[in-house]
Amino acid sequence: MFGKNLKTIVLIAAAVVSTGASAHLGNDAGVHHSFLDGLVHPLTGMDHMAAMVAVGLWSAMTARRVWLAPIAFAGMLFVGALLGLGGLELPAVEPMIAASLLVLGLLVATQAKLPAALAASVVGAFAIFHGVAHGTELAGGDNGWMPLVGMLVATIGLHLAGVGIGLAMRSHSAWWPRVVGGLVTLLGGAFLLQLI
């Protein structure tokens, strides 16, 4: 049963590898005004969705404290979003988002075990760039708080989905993490190539 579901997930992910990311800077034309808009937003950009799921997946497969990396990501995403709302612009936001997919995909594929503080720092650093991208998009709107709360709720939900998949994958073939991690890495590479 799990194998069939995982195959479906992998096929869906492979089908969208070449799609553009609508969660990048400036692509939303200031349409995020409500909690629901913010909730849906991370689900519309494959780069953000894949990164958030990968954080939960990697954490579930490798960490004793499964919650630490997802909380670090969500917390630093919030900090980055506040910085973006305040007008801070970081260089290379889009390449760093793509790089986060490359790194997270490799961490999932290799099931690399890092010390808890280092793991939280790595995902937290990438989350700042994801957050600045979101905050910058929200800066032009009337009320950035409600969409931001929606984005955080979606982020936590995507982390939980990744944790669930990761926990299920612990007892299955070692090849599944390699396949899923490889797909996330390919997605990051595809986004990086779009930026060149």
Side-chain angles (χ1 to χ4, degrees), residues 2 5-19 21-24 41-78 80 93-116 118-131 133-134 151-170 172-192:
F2 176 75
N5 291 337
L6 190 56
K7 288 177 188 175
T8 302
I9 292 168
V10 169
L11 288 173
I12 291 169
V16 297
V17 161
S18 63
T19 63
S22 63
H24 283 185
H41 183 72
L43 306 175
T44 62
M46 277 310 296
D47 53 347
H48 292 289
M49 186 169 28
M52 293 170 197
V53 170
V55 167
L57 183 64
W58 173 56
S59 186
M61 290 188 314
T62 62
R64 278 188 306 166
R65 291 178 272 176
V66 172
W67 50 268
L68 188 60
I71 285 177
F73 190 100
M76 295 310 289
L77 177 87
F78 180 70
V93 169
E94 291 185 44
M96 286 301 292
I97 290 171
S100 73
L101 290 171
L102 291 169
V103 171
L104 289 168
L106 290 173
L107 290 171
V108 169
T110 61
Q111 296 182 42
K113 294 182 180 180
L114 300 179
L118 180 59
S121 297
V122 167
V123 299
F126 285 130
I128 288 175
F129 287 90
H130 285 264
H134 288 308
M151 286 180 190
L152 286 172
V153 169
T155 295
I156 292 166
L158 289 167
H159 287 326
L160 289 174
V163 167
I165 294 167
L167 291 174
M169 287 172 80
R170 278 184 174 178
H172 287 75
S173 168
W175 285 100
W176 280 116
R178 292 180 185 140
V179 169
V180 173
L183 288 172
V184 173
T185 301
L186 285 173
L187 185 62
F191 288 140
L192 206 53

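Since this is a predicted model, take the numbers as computed values, not measurements.
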Among Val66, Leu57, Val53, which residue meets the side-chain contact (heavy atoms from CB on, under 4.5 Å) test with Val163?
-> Val66

Spatial distance of atom CD1 (Ile97) from atom CG (Leu102) [nearest 0.5 Å] | 12.5 Å

Grab the two heavy atoms, one from Ala74 and one from Leu152, that are nearest each other, plus how far apart they are.
-> O-CD2, 3.7 Å

Would you confirm whether Ser59, through its side chain, and Val55, through its main-chain N or O, come within 3.5 Å as a donor-acceptor pair?
-> no

Any donor and acceptor pair, going by atom type alone, linking the side chain of Thr62 with main-chain N or O of Gln111 inside 3.5 Å?
-> no

Hey, could you give me the OG1/CH2 distance between Thr110 and Trp58, rounded to the nearest 0.5 Å?
-> 9.0 Å

Could you go step by step and tell me if Val123 and Leu104 meet the side chain to side chain contact (heavy atoms under 4.5 Å, CB included) rule?
-> CA-CA 8 Å; Val123 299; Leu104 289 168; 4.0 Å; yes

Can you name the closest pair of heavy atoms from Ala125 and Phe129 and give their distance?
-> O-CD1, 3.4 Å

Can you see which heavy atom on Val108 is nearest to which on Ala54, and at what distance?
-> CG2-O, 3.8 Å

Atom CG of Leu77 and atom NE2 of His48: how far apart are they, to the nearest 0.5 Å?
-> 8.5 Å

Are there more than 12 heavy atoms of other residues, nucleotides or ligands under 6.0 Å from atom CZ of Arg65?
-> no

Could you tell me the separation between the CG atom of Leu192 and the CG atom of Leu186, rounded to the nearest 0.5 Å?
-> 12.5 Å

Close side-chain approach of Met169 and Val180, heavy atoms under 4.5 Å = yes

What are the two closest heavy atoms between Ala154 and Pro42, and how far apart are they?
-> CB-CG, 3.8 Å

Where do Asp47 and His130 come nearest, in terms of heavy atoms and distance?
-> O-CE1, 4.2 Å

For Ser100 and Ala51, work out which heavy atoms get closest and say how close.
-> OG-CB, 4.2 Å

How many angstroms lie between CE in Met151 and CG in Leu158, if you round to the nearest 0.5 Å?
-> 12.5 Å

Gap between atom CE of Met61 and atom CD1 of Ile165 - 0.5 Å precision | 10.5 Å

